[in-house]
Colleague: 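First the structure, which I've put down as structure tokens, then a few questions once you've had a look.
One-based numbering, in listed order, for ligands and for the atoms of each.
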Amino acid sequence: VSVEIGIAVTARNEADRLPSTLAALAEAFPGASVVVADDGSRDGTAGAALRAEVDVVSPPRPVGKGGAATLAVELLLAGGVERAVVLCDGDLGASARELPKLVDALDRREGDLAVAAFRRRLGGGFGVALGFARRVIRSLTGLELAAPISGQRAMRPEVAHAVLPFARGFGMEIGMTVDAHRAGYRLVEVELDLEHRATGRTPRGFLHRARQLAAFARVYASRR
Ligand SMILES: Nc1nc2c(ncn2[C@@H]2O[C@H](COP(=O)(O)OP(=O)(O)OP(=O)(O)O)[C@@H](O)[C@H]2O)c(=O)[nH]1
Ligand SMILES: [Mg+2]
């Protein structure tokens, strides 16, 4: 049976925040099909998803954000999605309630791929990874984006088909943006009041952004 909206939630070690994210999604998108893309979590993330009565894909080996999201979106599309595929990071918590505004932007034909920009800047480092992502997208597409790596996105099912499989790891958002643009689809950014568990200027935060940068460089090399 096909659904109006299919939502893929990427989550690695998000047992703390996933329940509130899923509760907000259930309320904001009644009747939607939700798949959690768990991936090598060691903290009971999959159990938290099952308790919320949503589907979970847990690859036997960690495959990275892009690989896990690909499995989740393929599962959603196989079940049939009529109106929109939504991508959501597992750490949004209650602020995931804002995401229907992305689908509204699609319905109003403002774009084919709607991307959420955070209204307030939270955490982060010195903007190196973000700036690099912006330059990669500008050089490959000419687009000037406020939120080049935002994980909160909505697209019609045919757009999802065109951008699958996603690029590996943290390169998935850049890859999807470039692939959608090259397929002739229009991107629209929508400012939303979102929050997430941001990593800051800590060793863990810098390690995270180093991994992001490596993935951005890989996706740039694969698309240029
Ligand atoms: N399936 C899967 N999800 C991941 C992986 N790495 C991160 N995620 C999830 O993807 C989402 C985004 O990752 P974050 O680590 O929050 O990255 P970010 O928000 O871009 O970065 P910060 O702002 O620095 O926190 C979160 O919900 C993570 O749980 C992964 O390897 N596999
Ligand atoms: Mg985050």
Side-chain angles (χ1 to χ4, degrees), residues 7-22 24-25 34-49 52 54-76 86-96 98-99 115-134 136 145-153 165-177 192 194-216 218-219:
I7 310 175
V9 182
T10 41
R12 171 173 283 175
N13 296 327
E14 297 290 0
D16 286 353
R17 301 199 61 140
L18 191 62
S20 58
T21 305
L22 293 177
L25 290 173
V34 177
V35 177
V36 170
D38 168 39
D39 183 35
S41 297
R42 282 164 273 105
D43 70 343
T45 291
V54 301
D55 291 320
V56 187
V57 287
S58 284
R61 244 176 238 110
V63 292
K65 190 184 183 196
T70 298
L71 294 174
V73 174
E74 282 175 347
L75 186 65
L76 287 165
V86 174
L87 300 175
C88 172
D89 288 350
D91 63 349
L92 290 195
S95 73
E98 289 273 293
L99 298 185
V115 178
F118 282 67
R119 189 161 288 151
R120 291 163 294 158
R121 184 184 150 92
L122 288 175
F126 297 100
V128 176
L130 190 62
F132 181 66
R134 247 182 224 130
V136 164
L145 298 184
I149 52 171
S150 167
Q152 314 354 289
R153 291 163 182 247
F166 298 128
R168 282 175 50 193
F170 293 116
M172 69 173 275
E173 286 88 6
I174 295 178
M176 181 186 332
T177 297
L192 298 182
L194 299 173
E195 53 191 61
H196 70 141
R197 172 197 34 71
T199 49
R201 292 176 185 174
T202 59
R204 215 173 133 261
F206 287 113
L207 178 64
H208 174 57
R209 284 183 294 280
R211 286 208 185 96
Q212 286 181 314
L213 269 173
F216 299 170
R218 267 201 308 273
V219 70

Colleague: State if Gly205 counts as touching ligand 1 under the rule of any non-hydrogen atom under 4.0 Å.
Modeller: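 Under 4.0 Å: no for Gly205.
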Colleague: Checking Val9 against Leu18 for the side-chain contact (heavy atoms from CB on, under 4.5 Å) test, could you report, in this order, the C-alpha distance in whole Å, the side-chain angles of both residues, the deciding distance, and whether it holds?
Modeller: CA-CA 9 Å; Val9 182; Leu18 191 62; 3.9 Å; yes
Colleague: Nearest protein heavy atom to atom 25 (O) of ligand 1, by residue and atom, and its distance?
Modeller: Thr199 N, 3.2 Å
Colleague: At a 4.0 Å threshold, what atoms of ligand 1 neighbour a non-hydrogen atom of Ala68?
Modeller: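 Counting from 1, the qualifying ligand atoms are 1 (N).
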Colleague: Begin from the C-alpha positions of Asn13 and Arg42 and carry the test side-chain contact (heavy atoms from CB on, under 4.5 Å) through to its verdict.
Modeller: CA-CA 6 Å; Asn13 296 327; Arg42 282 164 273 105; 3.5 Å; yes
Colleague: Report, in ascending order of atom number, the atoms of ligand 1 lying under 4.0 Å from any heavy atom of Phe170.
Modeller: 6 (N), 7 (C)
Colleague: Is the backbone of Asp89 close enough, under 3.5 Å, to the side chain of Gln152 for a donor and an acceptor to pair up by distance?
Modeller: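 Checking the backbone N and O of Asp89 against the side chain of Gln152, a donor-acceptor pair under 3.5 Å is found.
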Colleague: Report the atom name of the nearest N/O/S atom of His196 relative to the Mg ion (ligand 2).
Modeller: ND1
Colleague: Strictly below 4.0 Å, N to O, side chains only: are Arg197 and Glu14 in salt-bridge contact?
Modeller: yes
Colleague: To the nearest 0.1 Å, how far is atom 20 (O) of ligand 1 from its closest protein heavy atom, and which atom is that?
Modeller: Gln212 NE2, 3.3 Å
Colleague: For Gly64, counting its heavy atoms only, list the atoms of ligand 1 lying under 4.0 Å from any of them.
Modeller: 30 (C), 31 (O), 32 (N)
Colleague: Does any N, O or S atom of Asp89, backbone or side chain, fall under 2.8 Å from the Mg ion (ligand 2)?
Modeller: no
Colleague: Go through ligand 1 atom by atom and flag the ones less than 4.0 Å from a non-hydrogen atom of Asp39.
Modeller: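 In order of numbering, the contacting atoms are 1 (N), 2 (C), 30 (C), 31 (O), 32 (N).
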Colleague: Would you mind reporting whether Ile149 and Leu130 have side-chain heavy atoms less than 4.5 Å apart?
Modeller: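 Yes, their side chains come closer than 4.5 Å.
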Colleague: Using the six-membered ring wherever Trp is involved, compare the ring planes of Phe126 and Phe206 and label them parallel, tilted or perpendicular (cut-offs 30° and 60°).
Modeller: parallel
Colleague: Walk me through it: do Arg153 and Thr177 pass the test side-chain hydrogen bond (donor to acceptor under 3.5 Å, both in side chains)?
Modeller: CA-CA 10 Å; Arg153 291 163 182 247; Thr177 297; 3.1 Å; yes
Colleague: Going by the order shown, which atoms of ligand 1 are within less than 4.0 Å of some heavy atom of Asp89?
Modeller: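 Every atom of ligand 1 under 4.0 Å from some heavy atom of Asp89: 11 (C), 12 (C), 27 (O).
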Colleague: Going by the order shown, which atoms of ligand 1 are within less than 4.0 Å of some heavy atom of Ala37?
Modeller: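 Per the distance check, 1 (N).
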Colleague: In Asp91, which N, O or S atom comes closest to the Mg ion (ligand 2)?
Modeller: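 Checking each N, O and S atom of Asp91, the shortest distance to the Mg ion (ligand 2) belongs to OD2.
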Colleague: Hey, does Phe118 have a side-chain heavy atom less than 4.5 Å from the side chain of Glu195?
Modeller: no
Colleague: Return the closest protein heavy atom for atom 23 (O) of ligand 1 as residue, atom name and distance.
Modeller: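 Result for atom 23 (O) of ligand 1: His196 CE1, 2.9 Å.
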Colleague: Nearest protein heavy-atom contact for atom 15 (O) of ligand 1: which residue, which atom, what distance?
Modeller: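 Ranking protein heavy atoms by distance from atom 15 (O) of ligand 1, first comes His208 CE1, 3.3 Å.
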Colleague: Considering non-hydrogen atoms of the protein only, which is the closest contact for atom 10 (O) of ligand 1, and what is the distance?
Modeller: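 Nearest protein contact, heavy atoms only, for atom 10 (O) of ligand 1 is Lys65 CE, 3.4 Å.
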Colleague: Which of the atoms in ligand 1, numbered in the order shown and given with their element, are less than 4.0 Å from a heavy-atom of Arg197?
Modeller: 16 (O), 25 (O)
Colleague: Which atoms of ligand 1 are found less than 4.0 Å from any heavy atom of Asp91?
Modeller: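 In order of numbering, the contacting atoms are 16 (O), 27 (O).
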Colleague: Write out the residue and atom name of the closest protein heavy atom to atom 3 (N) of ligand 1, then the distance separating them to 0.1 Å.
Modeller: Ala11 N, 3.6 Å
Colleague: In the structure I gave you, are the side-chain heavy atoms of Leu99 and Leu92 within less than 4.5 Å of one another anywhere?
Modeller: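 Result yes, sub-4.5 Å side-chain heavy-atom pair found.
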Colleague: Please say which of Arg61, Arg12, Lys65 ends up in a side chain to side chain donor-acceptor pair (under 3.5 Å) with Asp39.
Modeller: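 That would be Arg12; it is the only one of Arg61, Arg12, Lys65 passing the side chain to side chain donor-acceptor pair (under 3.5 Å) with Asp39.
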Colleague: Ignoring hydrogens and angles, tell me if any N or O in the side chain of Arg209 forms a donor-acceptor pair with the backbone of Ala129 under 3.5 Å.
Modeller: no
Colleague: So which protein heavy atom does atom 28 (C) of ligand 1 come closest to, and at what separation?
Modeller: Glu14 OE2, 3.3 Å
Colleague: Quick one, Val57 and Asp38 - any side-chain contact, counting heavy atoms below 4.5 Å?
Modeller: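 No, their side chains stay 4.5 Å or more apart.
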Colleague: Quick test: of every protein heavy atom, which one is nearest to atom 4 (C) of ligand 1, and how far off is it to 0.1 Å?
Modeller: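 I find the closest protein heavy atom is Arg12 CB, 3.7 Å.
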